[in-house]
Amino acid sequence: QVQLVESGGGLVQAGGSLRLSCTASGRTASMYTMGWFRQAPEKEREFVAAITWSGGTTYYADSKKGRFTISRDNAKNTVALQMNSLKPEDTAVYYCASTRVVGIPRSTSAYDYWGQGTQVTVSS
């Protein structure tokens, strides 16, 4: 069992930055690939970025490349998402998730555990 708790969301102006953090606890939490997803009102939950257990491989959704950076600290059981140059269309609830699937799955169905989400609102 893995528990995930996100933090760091909030209100920011367009062009600004936010850093989201996800703290994991539970059994062998550091052995999981970790991902970030987001869900805007009336839209499907979508993949944002993911990072393997070792931190050696990362993957980003195309629209986030160059603006978002995912990182993890296994000693602290945390994964972070640094978001720069934020746009109003980045407004959504952001979720942290974990999976033991090998590689970088991008489907929500591949992830076993989810946090409660943190709201990010970008004003124009």
Side-chain angles (χ1 to χ4, degrees):
Q1 192 80 4
V2 175
Q3 294 79 42
L4 304 172
V5 178
E6 303 97 335
S7 61
L11 173 65
V12 64
Q13 288 188 331
S17 300
L18 279 176
R19 184 177 179 85
L20 305 183
S21 183
C22 174
T23 300
S25 61
R27 190 173 179 181
T28 59
S30 64
M31 299 298 294
Y32 292 72
T33 289
M34 304 294 292
W36 285 97
F37 290 76
R38 70 185 188 185
Q39 188 166 18
E42 301 181 359
K43 291 189 176 181
E44 297 284 323
R45 191 169 298 188
E46 65 173 358
F47 173 82
V48 174
I51 186 167
T52 55
W53 166 69
S54 67
T57 301
T58 58
Y59 190 87
Y60 299 90
D62 286 342
S63 63
K64 287 71 175 179
K65 288 180 182 177
R67 296 194 300 126
F68 291 8
T69 303
I70 189 171
S71 61
R72 70 188 295 166
D73 183 340
N74 286 344
K76 297 180 180 179
N77 285 335
T78 58
V79 59
L81 184 69
Q82 177 67 42
M83 306 186 294
N84 299 326
S85 302
L86 284 163
K87 305 173 182 179
E89 51 263 43
D90 293 318
T91 294
V93 177
Y94 284 70
Y95 297 90
C96 173
S98 68
T99 177
R100 299 202 75 169
V101 171
V102 175
I104 303 284
R106 281 151 275 174
S107 169
T108 56
S109 62
Y111 287 77
D112 306 300
Y113 300 101
W114 294 82
Q116 82 289 349
T118 185
Q119 176 70 47
V120 171
T121 303
V122 184
S123 63
S124 57

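Residue indices begin at 1 and follow the sequence shown.
Side-chain contact between Val120 and Leu18 is present, with at least one heavy-atom pair separated by less than 4.5 Å. Considering only heavy atoms from C-beta on, Arg67 comes within 4.5 Å of Asp90 through its side chain.
Closest non-hydrogen pair, Val12 versus Gly16, comes out as CG2-CA, 3.8 Å. Of all non-hydrogen atoms in Tyr60 and Thr69, the two that sit nearest each other are OH-CA, 3.3 Å. When every heavy atom of Ser71 is checked against every heavy atom of Arg19, the shortest pair comes out as OG-NH2, 3.9 Å. Across all non-hydrogen atoms, the minimal contact from Leu81 to Ala49 is CD1-CB, 4.3 Å. Listed here is the closest heavy atom pair of Ala14 and Ser124: CB-CA, 4.4 Å.
For the atom pair Arg38 CZ and Lys43 NZ, the distance stands at 8.0 Å (nearest 0.5 Å). Remark: Arg72 CZ to Asn77 CG distance equals 8.5 Å, nearest 0.5 Å. One distance of note links CZ of Arg45 with OG of Ser107; it measures 11.5 Å at 0.5 Å rounding. Considering CG of Asn84 and CZ of Phe68, their distance stands at 8.5 Å, rounded to 0.5 Å. One distance of note links CG of Asp73 with OG1 of Thr78; it measures 4.5 Å at 0.5 Å rounding. Between the CD1 atom of Ile104 and the OG1 atom of Thr52 there is a distance of 5.0 Å, given to the nearest 0.5 Å.
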*Kindly determine whether Leu4 and Ser98 satisfy side-chain contact (heavy atoms from CB on, under 4.5 Å), including the steps that lead there.*
CA-CA 8 Å; Leu4 304 172; Ser98 68; 4.1 Å; yes
*side-chain hydrogen bond (donor to acceptor under 3.5 Å, both in side chains) evaluation trace for Tyr59 with Arg106*: CA-CA 9 Å; Tyr59 190 87; Arg106 281 151 275 174; 3.0 Å; yes
*asked:* Run the side-chain contact (heavy atoms from CB on, under 4.5 Å) test on Gln119 and Thr91 for me, step by step, so that the C-alpha distance in whole Å, both residues' side-chain angles and the decisive distance to 0.1 Å come before the verdict.
replied: CA-CA 8 Å; Gln119 176 70 47; Thr91 294; 4.0 Å; yes
*Apply the test side-chain contact (heavy atoms from CB on, under 4.5 Å) to residues Val48 and Tyr95: give CA-CA distance (whole Å), side-chain angles for both, the deciding distance (0.1 Å), then the verdict.*
CA-CA 9 Å; Val48 174; Tyr95 297 90; over 6 Å; no
*Check the pair Cys96 / Trp114 against side-chain contact (heavy atoms from CB on, under 4.5 Å), numbers first and verdict last.*
CA-CA 6 Å; Cys96 173; Trp114 294 82; over 6 Å; no
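In the hydrophobic clustering of ILVMFWY residues, with side-chain heavy atoms under 4.5 Å counting as a link, Ile51 and Phe47 come out apart. Following chains of ILVMFWY side-chain contacts shorter than 4.5 Å, one cannot reach Met34 starting from Val93, and the two form parts of different hydrophobic clusters.
In Glu44, the CD atom is not crowded: 12 or fewer heavy atoms of neighbouring residues, nucleotides or ligands sit closer than 6.0 Å.
Judged by distance alone, the side chain of Glu6 and the main-chain N or O of Gln116 form a donor-acceptor pair under 3.5 Å. Between the side chain of Thr33 and the backbone N or O of Gly103, at least one donor-acceptor pair lies under 3.5 Å. Judged purely by atom type and a 3.5 angstrom limit, Thr99 uses its side chain to pair as donor or acceptor with the backbone of Ala110. The backbone N or O of Ala24 lies less than 3.5 Å from no partner atom in the side chain of Tyr113, so there is not a single donor-acceptor pair.
Between Tyr111 and Phe37, the distance separating the two ring centers is shorter than 6.0 angstrom.
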